Amino acid sequence: MPVSLDDLAKRDFLRAIVARDVSTGRYGGRVVTRFPPEPNGYLHLGHAKAIVVDFGIARDFGGICYLRMDDTNPTTESMEFAENIAADVRWLGFDYGDRLTFASDVFEAMYRLAERLIEKGLAYVDECSEDEIRQLRGTVTEPGRPGPWRDRPAAESLERFRQMRAGAFPNGAMVLRGRIDLSATNMLLRDPILYRIKHAHHFRTGDDWCIYPMYDYAHCLEDALEGVTHSICTLEFDNNRALYDWVIQATEVVPPELAPQQYEMARLEVEYIVTSKRRLKQLVDEGHVRGWDDPRMPTLAGLRRRGIPPQALVAFIERVGIAKTNSRVEYSLLEHAIRDHLNLRARRLMGVADPLRVVVENWGADEVDELGPVPWLAEDPSLGGRSLRFGKELFIAREDFELSPPPGFKRLVPGGEVRLLHGYAIRHLGHELDGQGRVRLLRVEVDRSTRGGDTGRRMGSIQWVEAQGAVPATLRLYDQLLLSPTPMADPSGRDFLDLINPDSLVEQAGLLEPAAASLPVGQAFQVMRTGYFAADPDSRPGALVLNRTIPLKDGFVRKEEAPPVDPVAVVGEDERRKRKKRPAAELRAEARSADPRLAAAQDELLAAGLDPAEADVLSGDHEQLALLRAIAAACGDLPGSARFLTNELRGRDVQPAALMDKAPSLGALLTLRGAGTLTGPGASRVLDVLLAEGGQPAEIAQRLGLSSLSDGALRAEVQAVLDRHPDELSRLRQGEQKLRGFFMGQVMKATRGRAEPQLAQAVLDELLNP
RNA sequence: UGGGCCGUGGUGUAACUGGCAACACGUUGGGUUCUGGCCCCAAAGAGUCUAGGUUCGAUCCCUAGCGGCCCAGCCA
């Protein structure tokens, strides 16, 4: 059964918007999104969120999503990048079908629209230098100034633009600019550059073009031309939205009702992870990692090589959610998603890192025991199993034997006993040390009655491999590449390169059970009690290389364990200059000092006994003041009107000027309320209707049936509410006082504005405490 | 010294039209166990950035303040 629009709308604010548009028939009910990477690098975890959101929303609403390469800057882009990106998207599990497109597909259309813009006088060719343009643009606090080319004739601009396209000028000689507003507070609207000259070879269009569109001009047109309806990007593009809308409207590329709409969401940031193309490139170029697909890299290629299943990434992203708050997710949530996915499906096998030789004293030198079959995954027998080989010489993990065990240690200790998983219980008889005092060999005896690991009593369990059939493997154990949860802004002030973990990759020799050699490649598996692993492409026959995707959670807490992270000194507190917004209060004060009539009004309101805050707000401009006077005139209650205006009307997002003709009705409403004819909530309902449709308050009240409830009727309603919620009632009687509000709410809802709150409260109290 | 966006447990996201501040991760304790994993049970942890206001009732509406992020590329 498909999920309803309502359910979809509850998932996040973007789906709420799309659901609303679908249900109101906007765009004819179509939903078209796009994931628009620039093919100049590798996709990373941050992109994964965009993919999940863009493709996910299209899928949920039965729409489509384009994979569109935003290839508007030929100097940095390549087909190789584009192909890798497409492969990464597919790997994540999203099917773009035949909807792989390129911005360069529509270069011609964009060019023609630019000519139209020039003809309409909305764009011009500016021959200022880059520096001059910067100078003339002004700053965030000073407006820009027009340059000498801004008002040149359209025909001249058009001719120049055509010459630009024809290759008549060198790079940087001139640009095409939109003519918008040089004094706009939004810097992007100060005559943005639309086209620049770039004599460069483009990986798709070759040398067809020597002018290329800028992002702000190109992106919205690509969207519009593809029929995109909802164009989702990250928060920092918020300022660009005005320009996005301007270009679409100015070029008339599509009729207004088909204009795509841009929405912004927070980008995904995760502790210990940097997602910045520049920084990642730096890590690769300077040799801090072994390449873009190094398993320590947050690139999709790296995560894939590490063995992280794409479904886990998707689950992680869905768990994080979508909002507009800049945030940083804990690394543990990512880890949880990975373990959660792998736990249900990864085959278990046995292997030991840093092997320690074990000789079974009471076992024949040539005696071999085939154990099993042991299921690959106890929870899923359909996966089948394999047999294990037991012999005189074994290996266990060095960490599973302790000469001086910490309290609570459940593995092998001198004289102690432990279970070899699916094998036998063994007892420590003795051990040999090497020159450095390190254990080099263990002597044990088996308890033959415990074959198959069935010991009949509880004891610690460890994994093991039999020496003859053991498969050697190189284990690559990974840890955080960067040591700070906020590598780009570490409190210590250190640069992220100084935060690189020297132990982010540790290689260990390991031994695996024989069946490991025949495991399908690319198969994620768990080495029991150790972690999840996946074979690395570096593997050769007979020389297995395994990446540890993630260790298992370790519930064992050693008592002597100290906090591992050194507390980094907090230095260099940013001497941050504080920028204050121009307060609205200041503007009102200014208005009053410039206009004596407003000042007089404020005095008048104060004299009438208004709250000073209200008097201030209401005397800031004439429109509001006029409305106040009109309402007060209609009902004869100035303070009441003031309160009503500040608290009811301002909350409903209406313009004072638009309300002037309704002032008499509003006054009448206040009168009804004052006389007790209408209850507070009833008045509120009338107000809603009044604002939406107009009309006379008394008539509306009558139509809505808002006559006040009689005492008896109210009592009956309250009793009915109590009867309807026996569970809550008993909880309340047991002392959950907050349920008073719940019952009050139910009563108010049931009476739909016909009950006076104080009265209802009194009745409720009475019935609750007889 | 302009404009825009955003402030809810340690973290991330919810909370219908103003009506029991919820879910997940994490943490702690316990249980179970042939993986110190998984699973099960329980607990602690925010009164919603602050201060006022409206209201029977405010995370939600109003006012003021505080804090964070983005914008002055011929990058996207």
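Because only heavy atoms are used, hydrogens play no part in the values below, and waters and symmetry mates are left out as well, while side chains stay in. Just so it is clear, the model here is predicted, and its values are computed rather than measured. Sequence lines set the chain letters: A, B, ... in the order given, protein chains first and strands last, and positions in each chain run from 1.
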Original post:
Can you tell which of B/C75, B/C71, B/C74 lies closest to the side chain of A/M187?
Top reply: B/C71
**OP:** Tell me whether the OP1 or OP2 atom of B/G2 has a side-chain N or O from A/R137 closer than 4.0 Å.
**Re:** no
Original post:
What interatomic distance, in whole Å, is found between P of B/A42 and the corresponding atom of B/G47?
Top reply: 25 Å
Subject >> Residue A/A323, side-chain atoms from C-beta onward, closest of B/C75, B/C6, B/U13 >> reply: B/U13
Original post:
What heavy-atom pair brings A/I273 and A/Y331 nearest, and what distance separates the two atoms?
Top reply: CD1-CE1, 4.0 Å
Original post:
Mind checking the P distance from B/C20 to B/A58? Whole angstroms is fine.
Top reply: 12 Å
Subject >> Sugar-phosphate only, base, or nothing, as touched by A/N240 at under 4.0 Å among non-hydrogen atoms >> reply: base
Subject >> OP1 or OP2 of B/U11 under 4.0 Å from side-chain N/O of A/S332 >> reply: no
Subject >> A/E130 CD - B/G73 C1' separation (whole Å) >> reply: 7 Å
Original post:
Does B/C38 have a Watson-Crick or wobble partner in any strand here, with both distances under 3.5 angstrom, and which is it?
Top reply: none
**OP:** Could you check which of B/A76, B/U35, B/G37 has an atom nearest any side-chain atom of A/E38?
**Re:** B/A76
Original post:
Between A/R196 and B/G73, does any side-chain N or O lie under 4.0 Å from OP1 or OP2?
Top reply: no
**OP:** Using a heavy-atom cut-off of under 4.0 Å over every strand shown, decide if A/V320 touches base, sugar-phosphate, or nothing.
**Re:** sugar-phosphate
**OP:** Check whether more than 12 heavy atoms from other residues, nucleotides or ligands sit under 6.0 Å from atom CZ of A/R20, and answer yes or no.
**Re:** yes
Original post:
Between atom CG in A/L189 and atom P in B/G3, what is the gap in whole Å?
Top reply: 15 Å
**OP:** Counting heavy atoms from C-beta on, name the nucleotide in B/U54, B/U63, B/C20 closest to the side chain of A/R588.
**Re:** B/U63
Original post:
Is the gap between the ring centers of A/Y215 and A/F237 under 6.0 Å?
Top reply: yes
Original post:
Is there a donor and acceptor pair, one atom on the side chain of A/N239 and one on the base of B/C70, closer than 3.5 Å?
Top reply: yes
**OP:** Evaluate the ring planes of A/H219 and A/Y244, with Trp represented by its six-membered ring, and classify them as parallel (under 30°), tilted (30 to 60°) or perpendicular (over 60°).
**Re:** tilted
Subject >> Nucleotide B/U35, atom P - distance to CG of A/L349 in whole Å >> reply: 16 Å
Subject >> Atom pair distance, as rounded to whole Å: CG in A/L188 and C1' in B/C75 >> reply: 13 Å
**OP:** Tell me whether the OP1 or OP2 atom of B/G57 has a side-chain N or O from A/R740 closer than 4.0 Å.
**Re:** no
Original post:
Going through the distances and angles, do A/R137 and A/D191 end up as a salt bridge (charged side-chain N to carboxylate O under 4.0 Å, His left out)?
Top reply: CA-CA 8 Å; A/R137 183 153 36 214; A/D191 288 10; over 6 Å; no
Original post:
At under 4.0 Å between heavy atoms, what does A/S129 touch on the DNA or RNA strands: base, sugar-phosphate, or nothing?
Top reply: base
Original post:
Who does B/A58 pair with, Watson-Crick or G-U, both distances under 3.5 Å?
Top reply: none
Original post:
A/R11 CZ to B/A22 P: how many Å, rounded?
Top reply: 23 Å
Subject >> Whole-angstrom distance between B/G18 and B/C60, as gauged at atom P >> reply: 11 Å
Subject >> Separation between the C1' atoms of B/G52 and B/C40, rounded to whole Å >> reply: 49 Å
**OP:** Identify, between A/L334 and A/I197, the residue whose nearest nucleotide on RNA chain B lies closer to the 5' end.
**Re:** A/L334
Original post:
With no angle test and no hydrogens, is the base of B/U11 tied to the side chain of A/E271 by a donor-acceptor pair under 3.5 Å?
Top reply: no
**OP:** Ignoring backbone atoms, establish whether A/T185 has a side-chain N or O less than 4.0 Å from OP1 or OP2 of B/G4.
**Re:** no
Subject >> Spacing of A/M214 atom CE relative to B/C74 atom C1', expressed in whole Å >> reply: 6 Å
Original post:
When the P atoms of B/U50 and B/G7 are considered, how many whole Å apart are they?
Top reply: 14 Å
Original post:
Of all the nucleotides listed (B/G12, B/G73, B/U13), which has the minimum atom distance to the side chain of A/R134?
Top reply: B/G73
Original post:
Under 4.0 Å: is that the gap between some side-chain N or O of A/K738 and OP1 or OP2 of B/G57?
Top reply: no
Original post:
Between B/G68 atom C1' and A/R328 atom CZ, what is the distance in whole Å?
Top reply: 14 Å
**OP:** Assess the side chains of A/D70 and A/T72: does a donor N or O sit below 3.5 Å from an acceptor N or O?
**Re:** no
Subject >> Base B/U35 paired with A/R348 side chain (donor-acceptor, <3.5 Å) >> reply: yes
Subject >> Distance-only donor-acceptor test (3.5 Å): side chain A/E330, base B/G10 >> reply: yes
**OP:** In whole angstrom, give me the gap between the P atoms of B/A51 and B/A43.
**Re:** 31 Å
Subject >> Among B/C74, B/G37, B/C56, the one nearest A/E379 by side-chain distance >> reply: B/G37
Original post:
Looking across every strand, which nucleic acid part, if any, lies under 4.0 Å from A/G408 by heavy atom: base, sugar-phosphate, or nothing?
Top reply: base
Subject >> Among B/C74, B/C20, B/A24, the one nearest A/R319 by side-chain distance >> reply: B/A24
**OP:** Look at A/K553 and B/G26 and indicate whether a side-chain polar atom (N or O) is within less than 4.0 Å of OP1 or OP2.
**Re:** yes
**OP:** Kindly say whether, by distance alone, the side chain of A/R339 makes a donor-acceptor pair under 3.5 Å with the base of B/C38?
**Re:** no
**OP:** Name the closest nucleotide to the A/D238 side chain, picking from B/U35, B/C5, B/U54.
**Re:** B/C5
**OP:** Step through the shown structure and confirm whether more than 12 heavy atoms of other residues, nucleotides or ligands are within 6.0 Å of CZ on A/R267.
**Re:** no
Original post:
Counting side-chain heavy atoms from CB outward, which of B/C75, B/A72, B/C6 is closest to A/K324?
Top reply: B/C6
Subject >> Mate of B/G67 where both pairing distances stay under 3.5 Å, Watson-Crick or G-U >> reply: B/C6
Original post:
With a 4.0 Å cut-off on heavy atoms, is A/T76 in touch with a base, just the backbone sugar-phosphate, or nothing at all?
Top reply: nothing
Subject >> Of A/C128 and A/Q761, the one whose closest RNA chain B nucleotide lies more 5' >> reply: A/Q761
Original post:
OP1, OP2 of B/G18 versus side-chain N and O of A/K749: anything below 4.0 Å?
Top reply: no
**OP:** Output yes when a side-chain donor or acceptor of A/T139 lies under 3.5 Å from a complementary backbone atom of A/E142, and no otherwise.
**Re:** yes
Original post:
Of all the nucleotides listed (B/U54, B/C56, B/A76), which has the minimum atom distance to the side chain of A/M748?
Top reply: B/C56
Original post:
Which value, in whole Å, describes the distance between the C1' atoms of nucleotides B/A15 and B/A22?
Top reply: 7 Å
Original post:
Can you tell me how far P in B/G37 sits from the matching atom in B/U27, rounded to whole Å?
Top reply: 12 Å
Subject >> Side chains of A/T325 and A/S327, donor plus acceptor under 3.5 Å >> reply: no
**OP:** Tell which nucleotide pairs with B/A22, taking only Watson-Crick or G-U wobble pairs whose two distances are both under 3.5 angstrom.
**Re:** B/U13
Original post:
Counting any heavy atom closer than 4.0 Å, what does A/N343 reach on the DNA or RNA strands: base, sugar-phosphate only, or nothing?
Top reply: base
Original post:
Side-chain donor or acceptor of A/E728 under 3.5 Å from a matching atom on the base of B/C20?
Top reply: yes
**OP:** Would you classify B/G73 as syn or anti? Syn applies when the glycosidic angle is within 90° of 0.
**Re:** syn
**OP:** Could you tell me the separation between the CD1 atom of A/I85 and the OH atom of A/Y42, rounded to the nearest 0.5 Å?
**Re:** 9.5 Å
